[in-house]
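Some notes on the structure that comes next.
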Amino acid sequence: MELSKNYIPASVEEKWYKHWLSKNYFSSEPDGRTPFTIVIPPPNVTGVLHMGHTLNETVQDILVRKARMSGFNACWVPGSDHASIATEAKVVEMLKREKGIDKDSLSREEFLNYAFEWKEKYGNIIYNQIAKLGCSVDWKRATFTMDDHYYKSVIKVFVDLYNQGLIYRGARMINWDPEARTALSDEEVDYKDVTGKLYFIKYKIENTEKTPGLEDHIVIATQRPETIMGDTAVCANPTDSRYSGLKGKKVFVPLINRAVPVIFDDYVDKEFGTGILKITPAHDINDYNIGLKFDLPVIETLNDDGTLSKAAQIHVGEDRFEARKKIVEELREQGLLVKEEEYTTRLGYSQRTNAVAEPKISTQWFLKMKELAPPALEAVMSGNIKIHPSERFDATYKYWLENLKDWCISRQLWWGQQIPAWYDRDGNLYVAENEEEANTIFREKYSASRDATFRQQKLRRDEDVLDTWFSSWLWPIEVFKGISQPGNKDINYYYPGSVLVTGQDIIFFWVARMIMSGMKFMGEKPFSDVYFTGMVRDKLGRKMSKQLGNSPDLLHLIHEYGADAVRFGIMISSPAGNDLLFDEGSLEQGKFFNNKLWNALKLIKMWHGKSEEEAQSEDIKKITQAAGSDHNTFAIQWFQNRLNEVNLEVDNLMNEFRLSEALKTIYSLIWDDFCSWYLEWIKPEFGKAIDKKVYQASIKFFEEVLQLLHPFMPFITEEIY
RNA sequence: GGGAGCAUAGCUCAGCUGGUUUAGAGCAUCUGCCUUACAAGCAGAGGGUCCGCGGUUCGAACCCGUGUGCUCCCACCA
């Protein structure tokens with residue numbers, strides 16, 4: 001067979017992936033071997049894989065292939081995440097842009113049909129990319145977080161937790177996304193520094209003439225003048241002598257002239273602003289808390305979509321930012337605006353829609369975390385679960401788990417698991433796995449006490465869906481149907497998993513919650529090790545993201561360099577937890593490495609014809625161990641020693657998850673020791689046949705180094721082997 | 001405001017618990033080679049007060065302190 005001058009990855013990669021699939025190499029079933037289980041962090045169905053995914057998947061594939069080669073029953077479960085709010089936002093946008101359809105004009109069912117269409121389309125793109133990278137996932141186990149069994153399990157878990165008193169419904173101050181018009185969890189809000197203005201506004205004091213020594217007004221600083229209509233008090237520090245004369249007095253909210261009391265609390269910082277604070281319990285978390293303390297009324301001046309509500313009295317229906325401008329103008333005209341100052345503050349933005357999040361009092365579903373956290377904390381602190389690199393993440397993990405607030409799990413969306421709660425006409429609540437059960441509970445409750453018409457009413461189902469993480473926290477369990485079919489042979493065999501490989505950005509969203517759910521529902525950790533990869537950044541150090549458009553297209557890179565080279569490039573400089581600046585140069589290095597291997601093959605093949613007739617039945621081990629005076633025997637011995645050393649070293653490095661160092665070691669073994677040194681040393685003079693023993697030894701060495709490299713670069717090693 | 005990490009050749013990064021390292025790799029630069037495995041290569045060269053300053057030590061890129069710069073996470077100051 002004539003070998004091409006250079007290695008051409010495209011010509012072999014697809015062939016081998018198909019071959020592996022046809023031989024069921026990636027498929028795993030429980031057997032007598034020790035399992036090695038990895039569940040993929042399911043990518044969102046919202047789009048395509050970026051470089052962060054590429055790094056994650058590559059790391060997982062290396063670990064899985066290595067384990068498989070070492071005799072473990074390796075099982076890597078692929079899948080995708082419905083990503084409730086992220087996907088819904090995309091679908092809404094797509095409908096508007098491509099079809100001119102407004103979400104409001106669709107029924108829930110119609111919308112969900114579009115969403116499932118979207119999922120089919122993008123889910124497959126992601127799966128295709130995973131395959132192109134060479135990932136040895138067990139495709140028959142592919143799971144989607146809204147698969148039927150998964151959906152039912154999420155519902156079951158909700159009902160169970162509700163019945164245990166861990167889930168409750170209540171009005172709390174939550175973060176609200178006015179664009180998606182849904183509640184958010186605290187974790188879904190990103191804070192950014194922005195330059196805004198601090199407005200100093202006059203509030204007139206009632207009966208001023210009876211308050212000698214005081215002006216007829218006080219000045220209050222605020223960033224959000226559009227919320228003054230929601231003020232229900234103003235507050236000063238009790239030790240602040242400037243305001244002690246205001247005790248028992250009222251002041252008037254500008255523009256609408258509603259009188260509100262002056263209260264005193266040491267929460268107020270005398271040094272900041274004017275030392276006196278307006279209290280708007282409906283639209284600020286601190287004000288809300290003070291409001292609770294002083295039993296202040298709550299006036300909601302904003303609608304769900306961020307426009308001013310009727311309660312605001314003025315600018316009703318106008319957008320909050322538009323209203324702000326107008327209100328500032330009006331205050332100025334009426335001489336109530338003392339001054340404005342530049343001011344830098346932190347604003348919370350919805351992670352998905354990038355809208356400024358509104359603190360809002362809202363009736364939502366919450367999961368109590370107090371009980372779930374301690375076992376999850378203990379699992380990591382005791383070393384039962386090891387985080388890599390631990391020195392960096394143990395502290396973060398600990399802090400978060402010790403300072404947990406209840407988790408807001410309901411979302412005012414359609415795409416996701418609908419909350420299994422029903423209401424009767426009186427607003428009483430029935431939580432059950434399906435409508436029939438809810439009805440049963442309802443009828444039993446009122447079997448005697450209410451008339452037949454009441455008892456025969458159709459219960460209304462809660463419209464909301466669950467936070468997407470309320471389904472993904474069950475991932476390591478439900479991919480093996482551990483909740484829908486508890487005790488089945490897969491869950492018994494594969495759980496707990498071996499390693500979780502993921503980005504450090506979802507340590508709270510996902511990792512900590514999976515540990516909680518594992519401890520809660522399985523009574524055992526979901527995995528033994530957590531390997532955090534770093535963030536992949538662009539050359540300017542920016543996080544790679546779709547918004548910035550600075551993430552290269554994976555398929556394009558694979559086309560350009562080959563999947564092996566992409567894997568090599570992304571791995572060669574990414575130690576656990578360290579961020580890496582993505583540099584195509586390292587992909588090129590991978591491509592060159594491919595070629596080096598290819599040419600080593602060509603060289604050895606060239607010798608093949610010349611030693612073929614005798615190339616049998618010799619035991620290479622004997623040869624390599626036998627003492628010999630000729631220089632080839634020395635080379636064989638030397639390389640054998642080197643190989644033994646590296647084998648040991650690579651094993652150690654990989655056990656410590658130091659994959660980039662392992663790859664570097666193998667790279668140097670192949671390039672420097674095998675090619676530059678060994679092959680050059682034993683290379684016969686042109687035209688001469690090679691010693692058959694040396695030939696056989698070389699074949700054996702080549703096979704062994706290829707095996708070492710195989711988990712990292714599966715395609716070319718398979719092709720040569 | 002609290003916490004964490006990083007700072008090593010022009011660039012992207014290794015260098016794990018201090019001593020075979022006169023500080024390494026790839027890319028980039030320069031010189032010479034299209035030598036029958038490989039110019040996607042080979043042979044060689046240049047290039048670094050290992051961020052500054054103190055300290056510990058027989059010995060520090062590595063440990064301690066401190067300063068500076070960058071990044072990230074957490075946090076309710078209008």
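Every heavy atom of this structure was used, including side-chain atoms; hydrogens, water molecules and symmetry mates were not. So you know, we letter chains A, B, ... as the sequences are listed, proteins then strands, and number each from 1.
The separation between I279(A) atom CD1 and C77(B) atom C1' is 12 Å, rounded to whole Å. With rounding to whole Å, L404(A) atom CG is found 13 Å from C74(B) atom C1'. In this structure, CG of D394(A) is placed 18 Å from P of G3(B), rounded to the nearest angstrom. Between the NZ atom of K596(A) and the P atom of C38(B) there is a distance of 10 Å, rounded to whole Å. If you measure from atom CD1 of I572(A) to atom C1' of U12(B), you get 12 Å, rounded to the nearest angstrom. Regarding N6(A), its CG atom lies at a distance of 8 Å from the P atom of A40(B), rounded to whole Å. Atom CZ in F264(A) sits roughly 22 Å away from atom P in A78(B) (whole-Å rounding). In this structure, E588(A) atom CD and A39(B) atom P are separated by 15 Å, rounded to whole Å.
In this structure, the nucleotide among A25(B), A78(B), C76(B) sitting nearest to the side chain of N286(A) is C76(B). Among the nucleotides A37(B), A78(B), C76(B), the one closest to any side-chain atom of M606(A) is A37(B). Listed candidates were A37(B), A75(B), C42(B). Nearest to the side chain of A600(A) is A37(B). Picking from A37(B), A14(B), A25(B) the nucleotide with the shortest atom distance to the side chain of E661(A) gives A14(B). Considering only side-chain atoms of N595(A), the nucleotide from A25(B), C38(B), C77(B) that sits closest is C38(B). Nearest nucleotide to the side chain of F508(A), out of A40(B), C27(B), C74(B): C74(B). Taking only side-chain atoms of L277(A), from C-beta outward, the nucleotide of C42(B), A37(B), A78(B) with the closest atom is A78(B). When distances are taken from the side chain of K664(A) to each of A14(B), C76(B), A78(B), the shortest belongs to A14(B).
For the pair T280(A) and A78(B), the criterion of a side-chain N or O lying under 4.0 Å from OP1 or OP2 is not met. For Y343(A), a side-chain nitrogen or oxygen approaches OP1 or OP2 of A78(B) to under 4.0 Å. Considering only side-chain N and O atoms, K405(A) lies nowhere under 4.0 angstrom from the phosphate OP1 or OP2 of A75(B). Dashed line: the shortest gap from a side-chain N or O of W671(A) to OP1 or OP2 of C42(B) is under 4.0 Å.
Of the C1' atoms belonging to U49(B) and C76(B), the separation is 48 Å, rounded to the nearest Å. Of the P atoms belonging to A7(B) and C50(B), the separation is 14 Å, rounded to the nearest Å. Using atom C1' as the reference point in both U17(B) and G54(B), the two lie 25 Å apart (nearest Å). If you take atom P in C51(B) and the same atom in A61(B), they sit 10 Å apart, rounded to whole Å. Distance check on atom P: A25(B) versus A9(B) gives 14 Å, rounded to whole Å. Separating the P atom of C73(B) from that of G55(B) is a span of 38 Å, rounded to the nearest Å. To the nearest whole angstrom, the two P atoms, one in C72(B) and one in G46(B), are 39 Å apart. Nucleotides C13(B) and C6(B) have their P atoms positioned 14 Å apart, rounded to a whole Å.
With 3.5 Å as the limit, one finds a donor-acceptor pair spanning the side chains of E188(A) and S185(A). A side-chain donor-acceptor contact under 3.5 Å links K192(A) and N354(A). With 3.5 Å as the limit, one finds no donor-acceptor pair spanning the side chains of D673(A) and W638(A). No hydrogens or angles considered: nothing links the side chains of T344(A) and D193(A) as a donor-acceptor pair under 3.5 Å. Under the 3.5 Å distance criterion, with hydrogens and angles disregarded, a donor-acceptor pair is assigned to the side chains of K278(A) and T280(A).
Judged as a side-chain hydrogen bond (donor to acceptor under 3.5 Å, both in side chains), and not counting sequence neighbours, Y288(A) has no contacts.
Using a 4.0 Å heavy-atom criterion, one finds that S586(A) contacts no nucleic acid atom at all. Counting any heavy atom pair closer than 4.0 Å across all strands shown, Y191(A) reaches no nucleic acid atom. Within 4.0 Å of C675(A), counting heavy atoms only, lies at least one base atom of the nucleic acid.
When each of K683(A) and Y399(A) is assigned the nucleotide of RNA chain B bearing its nearest heavy atom, the one mapping closer to the 5' terminus is K683(A). Both T396(A) and L601(A) lie close to RNA chain B; mapped to their nearest nucleotides by heavy-atom distance, the more 5′-ward contact belongs to L601(A).
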Result block: side-chain N/O donor-acceptor pairs under 3.5 angstrom for residues 260-270 of chain A, not counting sequence neighbours:
from	atom 1	to	atom 2	distance (Å)
D265(A)	OD1	K293(A)	NZ	2.5
D265(A)	OD2	Y267(A)	N	2.8
Y267(A)	OH	N286(A)	ND2	3.3
D269(A)	OD1	E271(A)	N	2.8
K270(A)	NZ	T239(A)	OG1	3.0

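Interface remark: the E680(A) side chain does form a donor-acceptor pair with the A37(B) base, using a distance-only criterion of under 3.5 Å. Residue side chain K602(A) does not reach the base of C38(B) through any donor-acceptor N/O pair under 3.5 Å, judged by distance alone.
Taking the side chain as every heavy atom from C-beta outward, Y203(A) and I276(A) never approach each other to under 4.5 Å. At a threshold of 4.5 Å between non-hydrogen side-chain atoms, the residues I670(A) and F593(A) count as touching.
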Reading 5' to 3' and counting Watson-Crick or G-U wobble pairs with both distances under 3.5 Å, write the dot-bracket notation for RNA chain B, | for bases paired outside the strand. (((((((..((((.....[....)))).(((((.......))))).....(((((..]....))))))))))))....
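Between K360(A) and E300(A) there is a salt bridge, since at least one side-chain N of the basic residue sits less than 4.0 Å from a carboxylate O of the acidic one.
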